[in-house]
Amino acid sequence: MPEAASLAVAPAPGRHELGGHAAWYLAAGVVTTGLQAVLFLVFRPEFGAQWANLAALAITTVGNTEFHRRVTFAGRSSRAGKRHLQDLVTFAFYAGYGSAVLATLDAVAGQPSAQQQTVALLAASFVGGVVRFGALRWWVFARRPDADAAQDHQE
């Protein structure tokens, strides 16, 4: 009868990698979202909520994506054009999504406070971040079949 240790099933390839990607993504998301919230609150009195949100997004989106390229998904390659397209799509998604959230909050609350707007944008950022993680992992930094074959031969 085989020993219990030999019955253990090895984790599927990429499972540890997914955990590492998620941890770095979460860390970067917390920092970026915090910076975005601070910038929103700084810009809001001068520009209003909608423009403050767009300015905060413009400043944080490119840096966040570059961090993910260099740290979160460092072991995976991507084409520069694909990354720039991802930056543009990310900015457009969050700009439209954040604007809709702020407009909905205005319709529901009348004249929401800065705190209410910030909380609404933070919640929206969390939900959008989950979608973005999937797009980064399985589209922008997707493992190519030839990379999988090369990694299998290294193990």
Side-chain angles (χ1 to χ4, degrees), residues 12-151:
R15 195 172 202 165
H16 177 69
E17 181 183 57
L18 175 61
H21 288 171
W24 278 113
Y25 184 84
L26 181 62
V30 167
V31 170
T32 303
T33 302
L35 177 60
Q36 186 179 336
V38 168
L39 290 172
F40 172 77
L41 290 170
V42 167
F43 296 151
R44 185 181 173 275
E46 185 70 28
F47 303 117
Q50 292 288 353
W51 287 108
N53 181 47
L54 292 175
L57 282 171
I59 292 168
T60 58
T61 298
V62 174
N64 182 276
T65 302
E66 189 63 17
F67 176 86
H68 290 311
R69 183 181 78 79
R70 292 177 185 259
V71 178
T72 306
F73 299 104
R76 293 184 174 192
S77 64
S78 68
R79 293 182 183 89
K82 198 179 205 182
R83 286 192 312 274
H84 295 309
L85 175 61
Q86 194 269 339
D87 273 347
L88 182 63
V89 169
T90 298
F91 178 78
F93 170 76
Y94 279 112
Y97 185 45
S99 294
V101 165
L102 289 171
T104 302
L105 184 61
D106 284 346
V108 171
Q111 292 197 318
S113 68
Q115 182 181 11
Q116 290 171 318
Q117 290 172 328
T118 304
V119 168
L121 288 171
L122 288 173
S125 183
F126 174 77
V127 172
V130 172
V131 172
R132 185 169 182 237
F133 178 76
L136 284 170
R137 180 161 166 80
W138 289 289
W139 176 45
V140 177
F141 298 103
R143 186 179 298 279
R144 295 186 322 252
D146 56 329
D148 285 340
Q151 185 176 7

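All values below were derived from every heavy atom in this structure, side-chain atoms included, with hydrogens, water molecules and symmetry-related copies excluded. Everything quoted here is computed from the prediction, not taken from an experiment.
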Show me, pair by pair, the donor-acceptor contacts under 3.5 angstrom made by side chains of residues 29-41, not counting sequence neighbours?
unit_1, atom_1, unit_2, atom_2, d
Thr32, OG1, Ala28, O, 2.9
Thr32, OG1, Asn64, ND2, 2.8
Thr33, OG1, Gly29, O, 2.7
Thr33, OG1, Ser125, OG, 3.4

Problem - ring pair (Phe, Tyr, Trp, His ring centres under 6.0 Å) partners of Phe93, counting only residues at least two apart - result: Tyr97

Problem - Contacts of Leu88 that satisfy side chain to side chain contact (heavy atoms under 4.5 Å, CB included) - sequence neighbours left out - result: none

Problem - Set of residues satisfying side chain to side chain contact (heavy atoms under 4.5 Å, CB included) with respect to Ala109, sequence neighbours excluded - result: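 Testing Ala109 for side chain to side chain contact (heavy atoms under 4.5 Å, CB included), a comparison that skips the adjacent residues, returns Leu105, Pro112.
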
Pairs of donor and acceptor atoms involving the side chains of residues 46-56, under 3.5 Å and at least two apart or interchain, shall be tabulated with distances.
unit_1, atom_1, unit_2, atom_2, d
Gln50, OE1, Ser99, OG, 2.9
Gln50, NE2, Ser99, O, 3.2

Practice task
Decide yes or no for Arg44 and Thr118: does some side-chain heavy atom of the first lie under 4.5 Å from some side-chain heavy atom of the second?
Solution key: no

Exercise for the section: Using atom types as modelled and distance alone, determine if a side-chain donor or acceptor of Tyr94 lies under 3.5 Å from a backbone N or O of Leu57. Expected result: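 Judged by distance alone, no pair lies under 3.5 Å.
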
Practice task
To the nearest 0.5 Å, tell me how far Gln111 CD sits from Asp106 CG.
Solution key: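 Between Gln111 CD and Asp106 CG, I get 8.5 Å after rounding to 0.5 Å.
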
